[in-house]
Amino acid sequence: MIYLNHLGMLCPIGATHDAIAASMFAGRSGLQTDTRYLPDLALPIGAVDAALPSLAQLPLRERSRNNQLALAALAQIRPAVDAAIARYGAARIGVVVGTSTSGIAEGQAALRQYQHDGSLPAHFHYQQQELGSPAATLSSTLNIGGPAYTHSSACASSAKAMASAARLLNMGLCDAVITGGIDTLCGFTLAGFAALDSLSQTRCQPFSVNRNGINIGEGAALFLMSRDEATVSLVGWGESSDAHHISAPDPSGHGATLSIQQALQRAGLKPDDIDYINLHGTATLQNDAMESLVVNALFGERVAVSSTKPLTGHALGAASAVEAGLCWLAMQDSNPQGMLPPHVWDGMPDAALHRLQLAGLQQTLGRPLRRILSNSFAFGGTNAALIFGRQ
């Protein structure tokens, strides 16, 4: 069995377990209208405003805000990670994380200065932008020698990273893995989604008739994953590829269905065994249409579902890990009545969508959550599904 022993997490609704859980269950959004990344366009974004650690101890090539968030999340679980290193040895500890931006913000700022005066800033290093930087930085900070690599497959990145981490344990290549995802806000990303007409200028409304796009967020969520028994386990995962379109999902939902079915099969579960589904729920027209079709076909309206993106924003490469963190918090002993992450929206359903049981504020199961499915359906038709179990 693969367990998620410890969680370090920062996101727009908090930087501690208690703060994040309190905001999540209360339905308090961390989105704030801001112009700091696109001065000509005021947009709701999900920024992490917590104090972050210094980067002075890192080589220049590793100094980025992305790595700052990674180190902040690591600090929350560092004692447990150090204990695992002492127990198993540095060569038996791996790092597998997901990201989509890495140090693009630093590259963007450097190019802006180059355009202005023809020179790059002294604090810029090209390698800050490399997608492998988060895994390399975590590995070098911990001085460990196990496999260390980064997944970058849009908003399925960190779900695929967690599945890869589980495979490292199953293959016997590692005894523990630091896994999850990190992503940070930058003008480049926001401008790209604006060019696709995918950004909402108000808080996103997943599955509403008024939905008109996403809100971008940032965050970091790192788990210490091992075979040491803990409250929450990763019992199943599934991955597939639509090969349908560079940004639009296959409207039939075939690939998304396949990933969920694989996760259920790996976990040895039936659809009726799932207590709650954390939807990908981006609030785009096509993604919500596809996901409602898939979830209704597999689960009907029996299971409660929600999208947590109106709370945190869409953290892109870190979205799967942030949402896995929210699921992990909901499965802890501190939630004995099984309160569900609420679906925060305008309450105006789209009659064209397949019906779902969208979780209301303060809705509970009346018992602990035992099985949770979390969906991630990314650009390029990359699909991933994770199932978490409670002992």
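Count residues from 1 along the sequence.
Looking at heavy atoms from C-beta onward, P341 lies out of side-chain contact with L326 at the 4.5 angstrom threshold. Two residues are said to be in side-chain contact when any heavy atoms from C-beta on lie closer than 4.5 Å; S102 and S64 fail this criterion.
Contact check on E323 versus K309 returns a salt bridge, with a Lys/Arg side-chain nitrogen under 4.0 Å from an Asp/Glu carboxylate oxygen. Ion pair R65/E218 flagged as a salt bridge, since at least one NZ, NE, NH1 or NH2 atom sits closer than 4.0 Å to an Asp/Glu carboxylate oxygen. Between R390 and D333, at least one side-chain N (NZ, or NE/NH1/NH2) sits under 4.0 Å from a carboxylate O, which counts as a salt bridge. We find that R36 and D34 are joined by a salt bridge, their nearest charged nitrogen and carboxylate oxygen being less than 4.0 Å apart. Between D273 and R370, none of the side-chain N atoms (NZ, or NE/NH1/NH2) sits under 4.0 Å from a carboxylate O, so this pair counts as no salt bridge. For D228 and R87, the salt-bridge test passes: some basic side-chain N is under 4.0 Å from an acidic carboxylate O.
Under 3.5 Å, the side chains of R227 and N170 contain a donor-acceptor pair of N or O atoms.
Residue L185 comes nearest to I45 through the heavy atom pair CD1-CD1, 3.9 Å, listed as atom of the first residue, atom of the second, then distance. The shortest heavy-atom contact between A90 and I144 is O-CB, 3.5 Å.
Ring pair H17/W328: centre-to-centre distance below 6.0 Å.
Taking the six-membered ring for Trp and thresholds of 30 and 60 degrees, H314 and H280 have ring planes more than 60 degrees apart, a perpendicular arrangement.
A side chain to side chain donor-acceptor pair (under 3.5 Å) with N383 is found for exactly one of S241, S153, S259, S240, namely S240.
With sequence neighbours excluded, the residues that form a side chain to side chain contact (heavy atoms under 4.5 Å, CB included) with S233 are M1, Y3, V235, Q391.
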